[in-house]
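Not measured: the values here are computed from a predicted model. Order of the sequence lines sets the chain letters (A, B, ...), proteins ahead of strands, with each chain counted from 1.
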2 protein chains.
Amino acid sequence: MEERDIKRAGLKITQPRVKILDLLSNSQEHHLSAEDIYKLLLGNGEEIGLATVYRVLTQFEAAGLVNRHHFEGGQAVFELATEEHHDHMVCMKTGRVVEFYDEIIEQRQQELARLHNFRIKDHSLILYGEFIGESDENA
Amino acid sequence: MEERDIKRAGLKITQPRVKILDLLSNSQEHHLSAEDIYKLLLGNGEEIGLATVYRVLTQFEAAGLVNRHHFEGGQAVFELATEEHHDHMVCMKTGRVVEFYDEIIEQRQQELARLHNFRIKDHSLILYGEFIGESDENA
DNA sequence: GATTAACATGATAAAGTATATCATTTCATT
DNA sequence: AATGAAATGATATACTTTATCATGTTAATC
């Protein structure tokens with residue numbers, strides 16, 4: 001993701017937008033809340049307002065640049081929409097998130113939708129639990 | 001669900017708890033937000049406080065009497081935990097919720113967890129879309 | 001059935017997440 | 001460089017949910 005993508009979305013290329021996109025592109029953790037992003041940028045000495053972070057993320061979502069997920073815990077998290085569709089495993093101890101994709105589940109969802117006369121626009125599959133043998137580093 | 005279940009959860013049998021449980025048991029819509037419940041009870045002429053509704057629902061959830069789901073839209077919804085585990089299709093137009101269960105998806109989730117050395121504690125699968133040929137009655 | 005201690009309620013305050021407002025600033029085009 | 005349109009950010013506001021605490025209710029004991 002780069003400035004070109006911001007322009008393609010019909011948005012001006014501004015400092016806050018570039019900084020947020022860079023952070024999402026380069027951060028080790030792919031899933032960041034608006035407040036995560038705000039604090040990380042402040043920590044890097046960047047000047048940015050929390051309202052701008054929320055506003056820009058919503059615009060990016062509308063433009064298809066990022067996806068918003070509602071994991072448990074109140075705050076929505078965002079990730080770049082560069083990768084193919086995938087679902088998530090969320091560790092309830094460390095907060096670690098692993099992405100996965102399974103063709104069987106995807107097809108089965110479509111089959112079930114057909115059976116119920118339902119047209120799927122979006123879906124959310126999240127497995128909550130813990131990675132076996134992993135210690136509680138962050139929580 | 002009945003008063004016996006409240007007692008079994010280690011909670012006193014109080015008017016608010018009975019009313020909430022009755023409403024969840026008898027309502028046509030199985031998935032109600034705390035505010036839904038609050039307003040429905042007020043509409044029935046019952047006296048209850050919103051704080052009590054939230055408190056009781058959280059207690060019921062801890063006791064395993066209800067499940068809490070985070071559909072899109074900000075407010076959590078609650079349903080009785082009497083039924084077997086199931087997932088949800090949510091109509092983005094009418095808000096209608098249909099429950100489904102699919103053994104293939106369940107097994108596949110377990111298989112994927114095994115592959116990732118992950119122990120599933122809980123999971124959330126929600127399909128968002130619309131029921132074909134259904135009109136927009138409530139939205 | 002009355003007493004009483006523990007528990008529960010509900011009005012309100014407060015916390016937390018997210019959006020709306022609007023004067024000021026930045027962008028990008030002329 | 002000038003200028004109009006768009007964006008920012010401080011702050012106010014909305015909204016969902018939890019915390020506080022004086023008052024009321026429950027249920028166990030006498």
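B:Leu57 places its CG atom 15 Å from the P atom of D:dT16, with the value rounded to the nearest Å. With rounding to whole Å, B:Gln75 atom CD is found 17 Å from D:dA14 atom P. Counting to the nearest Å, the P atom of D:dG9 and the CD1 atom of A:Ile37 are 14 Å from each other. Atom CG of B:Leu50 is separated from atom C1' of D:dT18 by 11 Å (rounded to the nearest Å). Rounded to whole Å, atom P of D:dT26 lies 6 Å from atom CD of B:Gln15. The nearest whole Å value for the distance from the CG atom in B:Asp36 to the C1' atom in D:dT17 is 15 Å. Distance, B:Arg55 CZ to D:dG24 P: 16 Å, rounded to whole Å.
Comparing B:Ala76 and A:Pro16 by the nucleotide of DNA chain D that holds the closest heavy atom to each, the one mapping nearer the 5' end is A:Pro16. Of the two residues near DNA chain C, B:Lys12 and B:Ala51, the one whose nearest nucleotide lies more 5' is B:Lys12. Along DNA chain D, the nucleotide nearest B:His70 and the nucleotide nearest A:Tyr38 are compared for position; the residue whose nucleotide lies closer to the 5' end is A:Tyr38.
The neighbour count for A:Glu47 CD, taken as heavy atoms of other residues, nucleotides or ligands under 6.0 Å away, does not exceed 12.
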request  = In sequence, state the C-alpha distance, the side-chain angles, and the governing distance for B:Asp22 and B:Lys19, and then conclude on salt bridge (charged side-chain N to carboxylate O under 4.0 Å, His left out).
outcome  = CA-CA 5 Å; B:Asp22 282 353; B:Lys19 287 172 191 163; over 6 Å; no
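Checking A:His123 against A:Asp87 by side-chain atom types alone, a donor-acceptor pair falls below 3.5 Å. Between the side chains of B:Tyr101 and B:Glu99, no donor N or O sits under 3.5 Å from an acceptor N or O. At a cut-off of 3.5 Å, with distance as the only test, no side-chain donor of B:Glu84 or B:His86 sits close to an acceptor on the other residue.
In summary, contact between chain A and DNA chain C, defined as any nucleotide atom under 4.0 Å from a heavy atom of the protein, begins and ends at C:dT17 to C:dA28 in the 5' to 3' direction.
Residue A:Arg17 places at least one side-chain N or O closer than 4.0 Å to OP1 or OP2 of D:dA7.
Distance from the side chain of B:Tyr54 is smallest for D:dT18 among the nucleotides D:dT8, D:dT26, D:dT18. Across D:dT16, D:dA27, D:dT8, the shortest atom-to-atom separation from the side chain of B:Glu35 is found for D:dT16.
The residue A:Thr14 sits close only to the backbone: its heavy atoms come under 4.0 Å of sugar-phosphate atoms, none of a base. Counting any heavy atom pair closer than 4.0 Å across all strands shown, A:Ile48 reaches sugar-phosphate atoms only and no base atom. Among the protein residues, B:Ala34 comes within range of no part of the nucleic acid, since none of its heavy atoms lies under 4.0 Å from any strand.
Taking all atoms of both residues into account, the shortest heavy-atom contact from A:Gly64 to A:Ala81 is O-CB, 3.2 Å.
Here the CG-NE2 distance, from A:Leu127 to B:His116, works out to 9.5 Å after rounding to the nearest 0.5 Å.
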